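Chain letters run A, B, ... following the sequence lines, proteins first, then strands; residues in each count from 1. Keep in mind that this is a model prediction, so the values were computed, not measured.
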Amino acid sequence: MPEQDRQTIAAAIRAALDVLDATTDEARKKNIRDSIKAMRTQMNDMVVSDLSSSAAALATASAEMQKVINNAQPHLDGQILQAARDAKAALGTA
Amino acid sequence: MTARHSGNFAFLALVLALSTLAGGCTNVPTAEIKVFRESVVAANTAATPVLDEVSANERKIKQAVIDARPGEPDFRPAEAGYFSDIGDAPGTAMIRRAHNVLDRFSDVLLGLATGSNVDSDISGLEGLVKESTGLLSIVTDFVPAAGTAAASIQGAFAIAKPGLKLVANELSHREARRVIQMAVDNRIVENLTRSLVDASPAMFNLLVQDAFNSATDENSSAEIRRVAQKAYIDRTRKVRLLMANYVILVQRMNAAWDEAARASAEKTTISVTVLTDRISELRAAAIATRKAYVDLHMSPAK
């Protein structure tokens, strides 16, 4: 979500609240409240969606790093030990 | 030795040959990698409570969106993560996973650079040798000095051990350099830390949204909204400080990585004093971020 959109909705909600405070007609007040509620839901949805979008970019970057870890992990686990295990297994079956 | 045995130990022979040809130890910037590892730990320590907060807010705000949906209430499996109290909310889960992957990456790299795996490898190998005299003869083939101490398995292995340890260390260092090069070529640390920084405005907005909603509640009186507005302003200031500290820690993590990569390429290293100073700075920055988090939950000043 562009930050500008969030700011625009926030400003619209605040402007609508000013009108609400100045209004005495109950029917009009209800319309304004409904309108604010709709704008708030839109803003809430934008904020959550924005985090999801950012997180999706992170998921791609995390997957790339995980590939490198997976590639390095067998080395950390010990090539020599693994080779000895293989050799011992082969001795046992030869 | 049968062809089968030769095949199984061809790897060891290759390792020994490589070590001999190299004519010395492979240079690994262990100090810089320690700073990088410390910077990752500091950023992750600071991130943990922040992400707990983001997760709770992500759920709360998304639930409000779902509650406002027209029609009869329903249940959508795709939205389960926003209601379940198992783990994090979906977006936060991916951010935390990025921190966890960074943690694992720095841990694996430091393990390779310091050869933390070597001692356990050699112990494991010793255990295997004790179980099989045939294996001992193969091992001693590659460490000739051990052949003269064939009186006992333990004696022979004790002589072979330093040579094996050298080989294992050398292998570990070579792998560390290979991992660094792979990470530099693919810009994996740079991409991940940049994505974390890019996500920070979304985290900020989510962390203050609930306070904004209270400050603009159409069902509250103007007076109540004024009080809520003060709380909203106070929260935005605190969250801004919290996120600023978090971003600085993530950026330091990237800077520490750059330094490790540069040191690996240029075969240089920092002094122990500089290493100690850098680690102290990182720990202080992590503490500052934790303090900012605690302040977030304290009452605003009167």
So which part of A:Ala10 gets closer than 4.5 Å to some heavy atom of chain B, the side chain, the backbone, both or neither?
-> both

Measuring heavy-atom distances to chain A, does B:Ala64 have an atom under 4.5 Å in its side chain, in its backbone, in both, or in neither?
-> side chain

Side-chain heavy atoms of A:Asp45 within contact of B:Lys62, under 4.5 Å | yes

Given that the side chain runs from C-beta out, which part of B:Arg69 has a heavy atom under 4.5 Å from chain A: side chain, backbone, both or neither?
-> neither

Whatever's closer than 4.5 Å to a heavy atom in chain B on A:Arg33 counts as both

Heavy atoms only: give me the nearest B:Glu218-A:Leu20 pair and the separation to one decimal.
-> O-CD2, 3.6 Å

Looking only at heavy atoms, what is the nearest atom pair of B:Met94 and A:Ala55, with distance?
-> SD-O, 3.5 Å

Evaluate the criterion side chain to side chain contact (heavy atoms under 4.5 Å, CB included) for residue pair B:Arg178 and A:Asn71; output intermediate values, then yes/no.
-> CA-CA 10 Å; B:Arg178 193 183 71 83; A:Asn71 193 280; 2.4 Å; yes

What part of A:Ile13 is in contact with chain B, defined as an atom under 4.5 angstrom from a non-hydrogen atom: side chain, backbone, both or neither?
-> side chain

Top of B:Leu102, B:Asp198, B:Asp210, B:Asn186 for chain A proximity - count of heavy-atom pairs under 4.5 angstrom | B:Leu102

Does the side chain of B:Asn57 come within less than 4.5 Å of A:Val47's, by heavy atoms?
-> no

Report yes or no: does B:Arg97 contribute a side-chain atom to a donor-acceptor pair with the main-chain N or O of A:Leu58 at less than 3.5 Å?
-> no

To the nearest 0.5 angstrom, please state how far the CE atom of B:Met182 sits from the NZ atom of A:Lys67.
-> 11.5 Å

Any chance NZ of B:Lys60 has more than 12 other-residue heavy atoms, nucleotides or ligands included, within less than 6.0 Å?
-> no

Which portion of B:Ser221 sits near chain A, non-hydrogen atoms under 4.5 angstrom = neither

Counting only heavy atoms closer than 4.5 Å, note whether B:Val54 contacts chain A via side chain, backbone, both or neither.
-> side chain

Given that the side chain runs from C-beta out, which part of A:Leu51 has a heavy atom under 4.5 Å from chain B: side chain, backbone, both or neither?
-> both

Measure distances from B:Leu196 to the heavy atoms of chain A and classify the residue's part below 4.5 Å as side chain, backbone, both or neither.
-> both

One option among A:Val48, A:Asn44, A:Ile69 has the most heavy-atom pairs under 4.5 Å with chain B, and it is A:Asn44

Interatomic distance, A:Gln66 atom CD to B:Arg104 atom CZ [nearest 0.5 angstrom] | 9.0 Å

For chain B, find which of A:Ala61, A:Ser54, A:Ala16 contributes the most heavy-atom pairs closer than 4.5 angstrom.
-> A:Ala61

Side-chain contact, heavy-atom cut-off 4.5 Å: A:Glu3 with B:Asn205?
-> yes

Closest-packed option against chain B by number of heavy-atom pairs under 4.5 Å, given A:Thr41, A:Asp21, A:Leu17 = A:Leu17

From OG1 (B:Thr216) to CE (A:Met39), nearest 0.5 Å | 9.5 Å

Distance from B:His99 atom NE2 to A:Ser62 atom OG, nearest 0.5 Å?
-> 9.5 Å

Examine whether an atom of B:Gln229 lies under 4.5 Å from a heavy atom of chain A, and if so say whether it belongs to the side chain, the backbone or both; otherwise answer neither.
-> side chain

So what's closer than 4.5 Å to chain A heavy atoms on B:Gln209: side chain, backbone, both or neither?
-> side chain

Out of B:Asn191, B:Ile95, B:Asp217, B:Leu206, which one racks up the most heavy-atom pairs below 4.5 Å with chain A?
-> B:Leu206

